[in-house]
Structure formats: structure tokens, C-alpha cells
Amino acid sequence: MSDNGWSADRIDTESAHSARIYDYILGGKDYYPADKEAGIAMSREWPALPIHMRANRDFMNRAVRYLAEEAGIRQFLDIGTGIPTSPNLHEIAQAVAPDSRVVYVDNDPIVLTLSQGLLASTPEGRTAYVEADMCEPATILRAPELRETLDLTRPVALTVIAIVHFVLDKDDANGIVNRLLEPLPSGSYLAMSIGTADFAPDEVARVAREYAARDMPMRLRTEAEAERFFDGLELVEPGLTQVHKWRPDATVTEDIKDEDIAMYGAVARKP
């Protein structure tokens, strides 16, 4: 349980929440009994779930490090941030370039209450937090916190990590990502991880049913559907692949099996 002492008046403590389930499975402390119960039930259905979630987090770390080190990006817009888990995106980017600027976006009140961990920027850089729903990209893009932190005439990395599988077809995930990319200039990047059932269909379907039973329906995507998010962009090698295969480093152990990972990942440049 969290010992941070946040006000719980806006937080539904009786129902499981995807960000808090993620936090529980990754060994965090900012969750409630309903989240723990859900995490246990889901891991029972698919014992590889913790491996999968850690691999996704490691992908985010590597993608951001690539963007800061090799692509020279100094501005980041992170959609669906989730509960702060060190190293957070700004810590990774600012370890490479202390002047990096990061805007975090989430609509979960628990993330807002814990956002101090997201706002501890280096003196040279800057971080900001926007409370908004990713399904309302116009609200995000006109937020004063974003406009005061990022210069949209210079390249920005848009990071959309492990969130679009909670965006159903009626809400048009591709359209949302496109609208967020639209005002970003040439030389900007998109980094995404996208949930799939391609590699462990039965197990992942059972996990999806557990989410749906808790009012969190999922839209898992095939490889072809995942590729559509990058239409018109220039994919960085190795292109779209399972997250543990994207530029692996020492954090990726050889014993991770493909069937243990239910997430595609890629980084692409806006021409």
C-alpha cells in the first residue's frame, strides 16, 4: 500500500485500475487490495505476465536512451505515463542530456497525487504534468503546461507506451496518435509499445478476460494492425518487433521466450 499520504477523495479504491495493477506486478507499493487481487488472478492465468511487463518497461528505457543519445532528441511528450517508477522517462533522458524537457500526460488522479516523482527535473531541464485523457488530443496539445515546456518548432519524441490496448476501436487509437503527431515538426519521433495476442493467444486472452471482468476491456492488435501506427514514418532498425528484441542490451536475458511477451515495440522518425 502507498504510504505517501495522498488524498483519496478522487480515487476509486474499490475497483482495480490498470496502472495500479502494473505497479503491483512490478513490485511497487502504490496499489490497493483490488489491484493486488487482480494482479494475482492475472498472473495465475499467465505466469509470464511479470516477465512481459518488465520487458515493456525495459523497452521504454532503451527507446528513450536511443532517442536522447543517438537521435539527439531533447523534448519528450509521454502519453499515459502511469504511476512513477524509477527510472522515470525524464531521469533516463536527463542522464544523457541534462537539458531535456519532458511533459507527462495521464488522467488517473493517483498519478497526479504522486507526480512529485515526475517533476524532479535537473536544473538545466524541465518537466511538467498534464492531467488529461489521451482520447482528447486537442486538450493535451493546448494545455498551458505543454506549451510552456515544449517548443513545438523543434523535434519532439512522442512516447505512447503500453496504453493503446486500452483504446477500443470506437475511440480510434490510430487517429489519436496521428493527431498528437500532427503538430510535431519533421525530425520528431514516435515510440510505441502495442499489446498483442500473436505469441500466446490463449494465455493473453485469459488475461484480457480478467481485465474486461473489471471493466477494463482491451483491444489487442495483430502485427499488421500495429504497423499501421507507423504509416508515413521512417522506422528505426530493427523496425517493429517484440519489445524484448528491440535493440536488446544487458537488461534482456537470453531466457526470455517469445511466448512470454505480448507487446510489439518500435521507434520511428517523422520525415
Side-chain angles (χ1 to χ4, degrees), residues 2-13 17-23 26 28-32 35 56-57 60-61 63-64 67-68 73-152 154-164 166-167 176-177 179-181 183-184 188-193:
S2 174
D3 56 5
N4 289 279
W6 63 70
S7 172
D9 58 348
R10 294 178 57 211
I11 300 171
D12 179 0
T13 63
H17 188 282
S18 58
R20 301 195 306 256
I21 296 168
Y22 188 78
D23 183 72
L26 287 181
K29 56 184 176 59
D30 298 305
Y31 59 86
Y32 290 96
D35 310 303
N56 176 73
R57 189 75 188 182
M60 187 276 286
N61 294 354
V64 171
L67 290 164
I73 294 296
R74 298 294 178 264
Q75 302 189 107
F76 296 82
L77 175 57
D78 185 54
I79 304 298
T81 295
I83 291 172
T85 303
S86 189
N88 293 295
L89 190 153
H90 74 278
E91 294 170 315
I92 301 164
Q94 291 180 349
V96 175
D99 60 337
S100 296
R101 291 176 164 238
V102 178
V103 172
Y104 292 108
V105 179
D106 206 293
N107 69 337
D108 183 357
I110 197 172
V111 178
L112 175 63
T113 62
L114 298 173
S115 62
Q116 298 93 330
L118 302 175
L119 300 177
S121 173
T122 59
E124 303 94 329
R126 185 170 178 178
T127 61
Y129 183 86
V130 175
E131 185 178 16
D133 191 321
M134 74 170 291
C135 292
E136 300 175 355
T139 300
I140 295 170
L141 292 167
R142 66 172 176 254
E145 298 89 345
L146 185 150
R147 295 289 175 164
E148 292 166 4
T149 305
L150 303 182
D151 177 358
L152 298 188
R154 297 172 53 228
V156 176
L158 173 66
T159 56
V160 186
I161 305 297
I163 188 67
V164 292
F166 292 115
V167 181
I176 289 168
V177 173
R179 287 192 290 276
L180 289 167
L181 273 173
L184 307 185
S188 294
Y189 283 80
L190 171 64
M192 287 187 72
S193 60

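- Residues I110 and I83 are in side-chain contact: their nearest non-hydrogen atoms beyond the backbone lie under 4.5 Å apart.
- Contact detail for T127 and L119: the closest heavy-atom pair is OG1-CA, 3.0 Å.
- A donor-acceptor contact shorter than 3.5 Å links the side chain of T122 to the backbone of P98.
- When atom types are taken as modelled, the side chain of D106 and the backbone of T81 share a donor-acceptor pair closer than 3.5 angstrom.
- Under the 4.5 Å side-chain criterion, counting only non-hydrogen atoms from C-beta, Q94 is not in contact with E124.
- Between the side chains of H17 and Y32, no donor N or O sits under 3.5 Å from an acceptor N or O.
- With hydrogens and angles disregarded, a donor-acceptor distance shorter than 3.5 Å links the side chain of S193 to the backbone of A162.
- When atom types are taken as modelled, the side chain of R101 and the backbone of F76 share no donor-acceptor pair closer than 3.5 angstrom.
- With R57 contributing its side chain and T85 its backbone, the two residues share a donor-acceptor pair below 3.5 Å.
- Inter-residue side-chain proximity for V105 and L146 is flagged as unmet; no heavy-atom pair is nearer than 4.5 Å.
- Across all their heavy atoms, G82 and A19 have their closest contact at CA-CB, 4.5 Å.
- The side-chain heavy atoms of V111 and Y104, taken from C-beta on, include no pair separated by under 4.5 Å.
- Without hydrogens or angle criteria, R147 side chain to L141 main chain gives a donor-acceptor distance under 3.5 Å.
- Residues I92 and M60 form a side-chain contact, since some pair of their non-hydrogen atoms from C-beta on lies under 4.5 Å apart.
- Judged by distance alone, with hydrogens and angles left aside, the side-chain atoms of D23 form a donor-acceptor pair with the main-chain N or O of K29 at under 3.5 Å.
- Side-chain contact between V103 and E145: absent, with no pair of heavy atoms (C-beta onward) separated by less than 4.5 Å.
- The main-chain N or O of H90 is never found under 3.5 Å from a side-chain atom of N88 such that the two would form a donor-acceptor pair.
- Only one option out of L180, L181, V177 pairs with P137 in a side chain to side chain contact (heavy atoms under 4.5 Å, CB included); it is L180.
- With contacts defined as side-chain heavy-atom distances shorter than 4.5 Å, the pair L158/S188 does not qualify.
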Between L184 and L152, does the side-chain contact (heavy atoms from CB on, under 4.5 Å) criterion hold? Intermediate values first, please. CA-CA 6 Å; L184 307 185; L152 298 188; 3.9 Å; yes
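- The backbone N or O of P155 lies less than 3.5 Å from a partner atom in the side chain of Q75, making a donor-acceptor pair.
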